[in-house]
Amino acid sequence: MNYEIKHLEKDLWKDHMIPLNYASEFYYDVEMKQKEDSFQIELNKKRLDVPCEHKVEDYDFPDKLYQDWCDKACAWGIEENGTLLAVIETAEENWNNRLRITELWVDEKLRGKGIGHDLIEIAKDQARLERKRAVVLETQSNNANAIGFYMHEGFSLIGFDTISYSNQDVEKKEVRLELGYVMERKARLQRSQIEIRPERADEYKEVERITQEAFWNRHGKGCNEHYLVHILRDSEDYLPDLSRIAVVDGEIVGTIMFSKAQVRAENQVHDIITFGPLCVKPKWHGCGIGEMLMEETFDLARKAGYPGIVIFGEPDYYPRVGFRTCDHFGITTPDGKNFDAFMGYELQTDGFKDIHGKFYESSVFEKLEDEKVEEFTKKFPLMKKQYYPSQW
């Protein structure tokens with residue numbers, strides 16, 4: 001039987017109790033020796049004299065979803081006729097830019113089917129989308145099966161607390177262990193390490209594929225940006241002379257695509273430009289590739305005489321490279337609105353000084369019908385749609 005992992009809405013699942021029962025024949029013995037100027041610590045896997053069994057009714061504070069202490073918690077799971085069969089819950093740790101797995105459980109009858117792995121992948125994807133530096137979780141030294149599973153998923157020991165549950169945790173062989181998965185980050189690249197150039201016809205599908213990978217589940221379930229790339233090339237508004245891809249050691253790692261746009265007032269029409277999508281493959285995030293794509297193409301657009309750029313983009317990213325909200329320029333959306341994600345950039349000195357009115361992008365952006373996007377997406381490797389709290 002196939003099971004679908006779905007977002008568990010807070011209004012429906014808050015305070016739902018999770019039956020976190022486990023049994024173990026092994027534990028990790030925590031041995032600490034303190035000297036005058038050092039500590040010696042060892043964790044050795046040993047067999048318990050008597051196998052331990054923990055049941056939810058043994059705990060004074062059983063695990064529940066969406067508890068008030070969890071900051072911006074979000075849960076996903078498998079449910080059947082209202083019965084929860086598997087679940088993962090995460091919570092943000094904004095102060096140190098980590099994502100914490102607060103709950104993870106799979107019903108015994110579903111274990112061994114890869115569901116635990118799929119749940120962990122949801123947390124890792126969330127961390128990637130939100131640019132977190134690590135995923136962390138708590139487990140216990142006597143839950144050896146769980147520790148082995150987490151290690152198999154790439155987690156490692158990052159710390160422990162010998163008096164988390166009681167002052168006798170070591171004697172009880174139930175020490176709180178902190179495990180962590182560090183998100184892959186490549187070093188920032190130098191301009192000489194990146195080739196920035198126009199795409200070739202034989203690279204079209206690969207550019208579409210990396211665009212799908214970069215935007216998948218980012219702004220909503222799935223994405224349509226890869227289809228936009230496909231149809232934008234055939235639009236009369238496409239600007240191939242400005243559009244570029246980034247290549248590192250023969251691998252296409254990013255792209256930026258420009259198109260014509262206008263700012264219209266009652267008696268005037270001003271020609272400007274916009275770009276989108278701009279994307280970088282997730283494993284290359286943080287390397288400066290997006291900034292270098294913009295720097296090089298903005299210079300091309302500046303030399304071509306364009307006054308400025310208006311985009312709909314991520315407000316926590318684009319201001320770092322000089323974008324300002326369009327209310328600074330007297331430019332609004334077609335329905336007269338302004339908001340943080342609606343931004344402009346002057347390519348020339350005072351490029352928008354005499355340009356005011358309503359912004360209109362190419363009509364190609366209105367041709368992203370769901371049915372056509374779905375059909376086009378079938379040409380690429382299957383990627384699962386999922387809800388994430390950072391989506392618009």
Side-chain angles (χ1 to χ4, degrees), residues 1-24 53-93 99-130 132 135-140 143 145-150 152-155 179 181 216-223 370 374 377 381-392:
M1 182 180 294
N2 293 324
Y3 293 94
E4 181 181 0
I5 299 174
K6 299 180 179 180
H7 171 228
L8 303 177
E9 297 182 18
K10 183 176 181 179
D11 291 345
L12 299 176
W13 292 91
K14 179 175 171 54
D15 293 327
H16 184 91
M17 191 169 69
I18 304 170
L20 280 173
N21 304 321
Y22 72 90
S24 180
E53 185 175 2
H54 289 263
K55 298 181 180 181
V56 66
E57 54 265 27
D58 297 333
Y59 295 96
D60 295 331
F61 302 98
D63 290 63
K64 297 179 180 179
L65 292 178
Y66 291 111
Q67 296 187 67
D68 292 336
W69 60 267
C70 289
D71 188 20
K72 296 182 180 178
C74 193
W76 299 262
I78 297 172
E79 62 94 12
E80 190 175 59
N81 300 322
T83 299
L84 196 62
L85 300 177
V87 65
I88 189 169
E89 181 188 69
T90 64
E92 294 185 10
E93 288 187 354
L99 184 70
R100 177 168 290 278
I101 295 176
T102 51
E103 304 290 352
L104 178 63
W105 170 79
V106 178
D107 188 274
E108 288 186 8
K109 65 183 179 182
L110 294 185
R111 292 175 189 173
K113 300 179 183 296
I115 292 173
H117 167 79
D118 292 341
L119 292 169
I120 288 287
E121 286 300 305
I122 287 177
K124 289 179 180 178
D125 283 344
Q126 182 186 359
R128 174 181 62 80
L129 290 169
E130 297 178 3
K132 301 296 186 186
V135 182
V136 298
L137 58 86
E138 167 194 354
T139 190
Q140 294 73 40
N143 197 350
N145 291 337
I147 295 170
F149 166 74
Y150 293 131
H152 184 264
E153 294 298 319
F155 286 76
L179 305 182
Y181 176 88
W216 196 255
N217 290 330
R218 185 163 190 82
H219 299 142
K221 292 183 179 180
C223 73
D370 291 343
E374 290 293 328
T377 301
L382 178 65
M383 300 181 71
K384 294 182 180 179
K385 295 182 179 181
Q386 189 55 267
Y387 167 83
Y388 288 99
S390 59
Q391 291 171 357
W392 293 353

Closest non-hydrogen atom pair, [X] against [Y]:
| X | Y | answer |
| --- | --- | --- |
| P389 | Q126 | CG-NE2, 3.4 Å |
| Y387 | C74 | CE2-SG, 3.7 Å |
| W216 | K384 | NE1-O, 2.8 Å |
| G154 | Y181 | O-CD1, 3.4 Å |
| K10 | Y66 | CA-CE1, 3.5 Å |
| T102 | A91 | CG2-CB, 3.9 Å |

Do [X] and [Y] come within less than 4.5 Å of each other through their side chains, counting heavy atoms only?
| X | Y | answer |
| --- | --- | --- |
| T377 | M383 | no |
| K14 | D68 | yes |
| I88 | I5 | no |
| L8 | L84 | yes |
| V135 | F155 | yes |
| D125 | N217 | no |
| E103 | Q67 | yes |
| L137 | L104 | no |

Separation between [atom1] of [X] and [atom2] of [Y], rounded to the nearest 0.5 Å:
| X | Y | atom1 | atom2 | value |
| --- | --- | --- | --- | --- |
| C70 | K64 | SG | NZ | 13.0 Å |
| K55 | L20 | NZ | CG | 14.5 Å |
| S24 | Q140 | OG | CD | 11.0 Å |
| L99 | T90 | CG | OG1 | 4.5 Å |
| T83 | I78 | OG1 | CD1 | 13.0 Å |
| F149 | I120 | CZ | CD1 | 5.0 Å |

Neighbour count above 12 (heavy atom, 6.0 Å) for Q391 CD
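It does: Q391 CD has more than 12 such atoms within range.
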Given D15, I18, L12, the one that forms side-chain contact (heavy atoms from CB on, under 4.5 Å) with L65
I18
Can the ring centroids of Y388 and W76 be said to lie less than 6.0 angstrom from one another?
yes
Mark yes or no for whether E53, through its side chain, and N21, through its backbone, hold a donor-acceptor pair below 3.5 Å.
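Here the side-chain-to-backbone pair does not exist.
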Between the side chain of Y3 and the main-chain N/O of E80, is any donor-acceptor distance below 3.5 Å?
no
Any ion pair linking D118 and K113 (charged N to carboxylate O, less than 4.0 Å)?
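Answer for the salt bridge query: no.
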